[in-house]
2 protein chains.
Amino acid sequence: MGNADYEQLLRGASLRVTRPRVAVLGAVSDNAHADTETILGAVRERLPDVSHQAVYDSLAALSAAGIVRRIQPSGSVARYETRVGDNHHHVVCRSCGNIADVDCAVGHTPCLTASDDNGFVVDEAEVIYWGTCPQCQAAQRSK
Amino acid sequence: MGNADYEQLLRGASLRVTRPRVAVLGAVSDNAHADTETILGAVRERLPDVSHQAVYDSLAALSAAGIVRRIQPSGSVARYETRVGDNHHHVVCRSCGNIADVDCAVGHTPCLTASDDNGFVVDEAEVIYWGTCPQCQAAQRSK
DNA sequence: CCCGTTTCTTGACTCATTCAAGATTTCGCG
DNA sequence: CGCGAAATCTTGAATGAGTCAAGAAACGGG
């Protein structure tokens, strides 16, 4: 995806097109599940003088517009990804914190209907699988 | 549940029985989904001079032992509950952050098998439903 | 090209959580 | 019941992701 595409995305969401936002979009696209610090670094490769505040603002704006998704498993800092709207979920490694994408097994919107929703109007279901990634499995076995 | 029961729980998990731990267990039992600050307050009603550090340590020990569960939805501080091992999930209100329990609709361990696990060994699936609680629905309508 | 609004920069600040060192407590064992 | 090693707690300071605020700059409709 080129910057022109990112601009399209932004305009499509009625967001102003600014250098930091385009750079943030690119950084998030290239670094799936990256934490804020990693994204900040990646953004500065494209645009050396951005402030961290601009990155936070951009991420918040993009999240609100639904262009990026913010994920934050317990005990982890915020992470972001661009793959939105396709109902996929995440596996998180308990030892190293790595995150991988998982397409949900059951149909297309599984678990979206709770048995008793306590009167809540539910608009999204988020699934996080906890486990151990291949690398950490190997590391544990060889211990 | 009385303190004797909490002691049983602790001993059963091979944990030392200390005043702070018993107080923390009681506080978490009485305050489902409470954040750390609330728990700290509740603990001090039972045991006025505990340090916040002891509460953190106890919560960590109890979590590790599987007696309490730590939940931390995005944008929220850590919260704890004692209802463990029954595969229930949570609805979180986007406006006020309230959390309610939800028993999962589909069978007993839905979504536990991802379609492609990327080599991860998954041991737990956590589901978070995002929506709006009844109070906030009312508040929004009357705006 | 201009102007009002949004967004960015700079820098200070919050506050949940963690770290460290030394004092206490717990509990198995005699 | 009392000892001693190990775990746990107290105190107090430090960390660091994220937020807040005020003024400067950039965006884009007209």
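With a 4.5 Å cut-off on side-chain heavy atoms, B:R44 and B:V50 count as touching. A 4.5 Å side-chain heavy-atom check between B:L59 and B:V28 finds at least one atom pair inside the cut-off. B:V43 is not listed as a side-chain neighbour of B:P20, based on a closest heavy-atom distance of 4.5 Å or more.
For the pair B:R44 CZ and D:dC9 P, the interatomic distance rounds to 14 Å; values are reported in whole Å. Atom CG of B:L47 is separated from atom C1' of D:dT8 by 14 Å (rounded to the nearest Å). The distance between atom CG of A:L10 and atom C1' of C:dC8, rounded to the nearest whole Å, is 15 Å. Separating the CZ atom of A:R21 from the C1' atom of D:dA26 is a distance of 11 Å, rounded to the nearest angstrom.
No option in B:D30, B:D5, B:V68 other than B:V68 meets the side-chain contact (heavy atoms from CB on, under 4.5 Å) test with B:L25.
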Fill in the blank from the handout: Expected string for nucleotides 16-30 of chain C under the B/S/- scheme (protein heavy atoms, under 4.0 Å, primed atoms plus P, OP1, OP2 as sugar-phosphate) is SBBB------BS---
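Here B:D49 lies in heavy-atom contact (under 4.0 Å) with sugar-phosphate atoms only.
Between the side chain of A:H33 and the backbone N or O of A:I99 there is at least one donor-acceptor pair closer than 3.5 Å.
Considering every non-hydrogen atom in both A:G97 and A:R79, the closest pair reads O-NH2, 3.9 Å.
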